[in-house]
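In what follows, every chain begins at residue 1, and chains take the letters A, B, ... in the order their sequences are listed.
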Amino acid sequence: MADSSKQPQEAEFVHTRTSQRCYCCLECVEDSGELAFEEETEPTSISVSSLSMASSPEDVENSTFSGNSLLSEFSSTPRKRPKTKNDKICGVCGDRALGYNFNAVTCESCKAFFRRNAFKDNQIHCLFKGNCAIDLRTRRFCPSCRLQKCFEIGMKRDMILDETERKARMAKVLSNRAKKTTSPSHTFIKTEPLDSDEFRVESSNMGSPSCSEPMQSPSAGSSHMEPVEHLFQQVPREQLPGDPQLYRKLSDEEQLVLQDIALCYETTIATIQELEKEQCQKENYQNVNDLVNNSEQCVRQLIKFVKRLDDFRLLCQEDQIAALKACVMKSLLLRSVAFYIMEKDAWLTLKGEIPTSILREATGFSSLHNLHVSYCRTLKAIVQNNFTLYGLLQVMIIFNPDGHNVTDRQLVSNLQDKYISLLKHYLESEYSFEYAQEYFVAVLDKLSELKSLSDRHSRILLQVNPSQIEPLMLEILNLK
DNA sequence: ATAGCCTTGACT
DNA sequence: AGTCAAGGCTAT
């Protein structure tokens with residue numbers, strides 16, 4: 001999903017992806033974004049939207065600048081590309097440029113510079129007045145001003161692949177290489193499994209990969225947990241009917257959408273799994289402020305996910321923001337399920353495994369803790385590590401017609417319907433018409449349950465001290 | 001650390 | 001097949 005599917009311009013991005021995968025191709029082909037892109041004639045303008053104070057979307061995502069606005073995250077300010085191959089000039093230093101790098105025309109060296117330094121903006125400082133001239137000769141002298149100029153011309157640091165995406169990319173390269181030398185039978189992501197161990201964590205990282213194991217370690221035996229035998233029981237694979245007629249045959253388009261969603265969700269969730277498992281650092285989770293701030297990475301991943309979701313672009317900008325804000329808490333909860341380790345009653349986080357008890361200790365609410373853990377266990381029993389299901393759930397959460405401040409509720413509802421239907425089809429294709437029903441009901445049941453749990457969590461936000469909350473979280477949770 | 005070159009996958 | 005835009009490698 002990483003790679004060059006990340007296109008430099010929002011308008012083009014929509015078109016590129018939708019022209020192949022989206023249900024609404026006709027609309028997308030003639031999408032006004034594409035037309036606007038062609039008609040735009042001011043190549044060097046830096047759009048200053050009256051609605052947006054941020055100069056670039058990554059201001060939002062990384063929240064290190066002031067004046068953030070989520071609006072800028074979804075606004076497209078297309079610039080026309082240079083007409084010919086050879087008249088490209090690096091927008092940073094004026095050196096010869098070969099093409100777009102991270103959304104702006106730059107030379108190779110500024111491209112590499114940006115890749116190395118885009119996330120160090122608060123570590124490097126100008127030794128002069130912060131307005132050093134940057135040209136081919138002086139570009140090395142002041143990294144701070146060079147980086148600032150990179151941002152000014154529109155370079156986007158969220159286009160730099162993160163560790164997970166890089167690994168995915170390398171995995172693909174290696175897999176292709178292997179294919180060339182050996183047999184060609186390899187699928188990168190399957191959409192079948194509920195019993196899978198293709199949770200692509202290195203096997204040792206998650207303890208036992210099979211969460212359906214009816215075992216509970218002694219350390220996990222808290223009283224609030226349902227016994228495993230009360231959890232959703234999957235139909236053993238050998239019990240499923242053998243006759244292909246009893247399964248739905250997904251259309252090519254449905255398969256593509258499902259694959260896309262699964263991969264999207266997987267890549268935005270896998271970062272943490274790649275990290276080495278360290279000892280728990282409970283001191284990082286002492287109060288609600290810490291809980292909120294430690295969720296920032298998940299919110300960034302959520303933003304990445306929605307940005308890759310074709311249908312999300314069908315919403316107007318205001319609804320995109322509204323839908324995003326409205327789904328944050330539920331999305332975080334869903335992620336907590338994905339990161340939940342049943343055997344240990346813990347979550348895998350950036351800082352290692354954290355026992356779920358931190359939720360009780362940080363908030364002071366053991367009832368909330370019980371509810372949350374119970375939710376993790378019950379949903380995990382259903383979804384296990386199936387990214388297709390997580391992805392579908394995430395999409396259905398995003399397209400919530402009841403979302404606060406959403407204006408075009410009918411459109412949002414229609415989009416949700418589409419994915420509910422896709423979920424049903426998917427389950428029918430995996431578990432047969434006979435068994436799909438109970439999965440379907442179970443999944444939707446958990447989806448509706450999410451609302452009350454999310455409301456409970458939202459209430460503890462009253463405890464936060466806004467002055468101690470990261471800007472992105474302040475904005476997205478409306479804590480300002 | 002920088003910058004040029006190379007390899008690669010996605011897309012046209 | 002060609003183009004584009006990612007990341008990797010490596011001499012400086």
Return the polar atom pairs (N/O with N/O) between nucleotides 1-3 of chain B and the protein under 3.5 Å, or none.
unit_1, atom_1, unit_2, atom_2, d
dT2(B), OP2, R116(A), NE, 3.3
dT2(B), OP2, R116(A), NH2, 3.2
dT2(B), OP2, N117(A), ND2, 3.4
dT2(B), O5', R116(A), NH2, 3.3
dA3(B), OP1, R139(A), NE, 3.0
dA3(B), OP1, R140(A), NE, 3.4
dA3(B), OP2, R146(A), NH1, 2.7
dA3(B), OP2, R146(A), NH2, 2.8
dA3(B), N7, R116(A), NH1, 3.2

Stepwise side-chain contact (heavy atoms from CB on, under 4.5 Å) check, T106(A) with I153(A): CA-CA 9 Å; T106(A) 72; I153(A) 67 161; 4.0 Å; yes

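- Remark: P of dG7(C) and CG of L98(A) are 16 Å apart, rounded to the nearest angstrom.
- Legend: side-chain hydrogen bond (donor to acceptor under 3.5 Å, both in side chains) pairs involving residues 123-132 of chain A, not counting sequence neighbours: none detected.
- For the pair L161(A) CG and dG7(C) P, the computed distance is 4 Å after rounding to whole Å.
- On a pure distance criterion of 3.5 Å, no polar donor-acceptor pair joins the side chain of K111(A) and the base of dG4(B).
- Partners of Y247(A) by side-chain contact (heavy atoms from CB on, under 4.5 Å), not counting sequence neighbours, listed by chain and number: L240(A), P241(A), S432(A).
- For L411(A), the side-chain contact (heavy atoms from CB on, under 4.5 Å) partners two or more places apart in sequence, or in a different chain, are L315(A), D408(A), L415(A).
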So which protein N/O to nucleotides 10-12 of chain C N/O distances come out below 3.5 Å?
none

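- Here dA6(C) presents its C1' atom at 7 Å from CZ of F102(A), a figure rounded to the nearest Å.
- Residue M159(A) contributes atom CE, which lies 16 Å from atom P of dA10(B) at whole-angstrom precision.
- Within the structure, the salt bridge (Lys or Arg N to Asp or Glu O under 4.0 Å) test picks out the following pairs touching residues 102-112 of chain A (sequence neighbours left out): E108(A)-K111(A).
- Sorted by first then second residue, the salt bridge (Lys or Arg N to Asp or Glu O under 4.0 Å) pairs that include residues 130-142 of chain A, not counting sequence neighbours, are D95(A)-R139(A).
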Kindly list each side-chain donor-acceptor pair under 3.5 angstrom involving residues 329-336 of chain A, sequence neighbours excluded, with atom names and distances?
unit_1, atom_1, unit_2, atom_2, d
S331(A), OG, C327(A), O, 2.7
S331(A), OG, Q394(A), NE2, 2.8
R335(A), NH1, T268(A), O, 3.1
R335(A), NH2, T268(A), OG1, 3.2
S336(A), OG, L333(A), O, 2.5
S336(A), OG, H372(A), NE2, 2.8

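- Residues forming a salt bridge (charged side-chain N to carboxylate O under 4.0 Å, His left out) with R115(A) (at least two apart in sequence, or on another chain): none.
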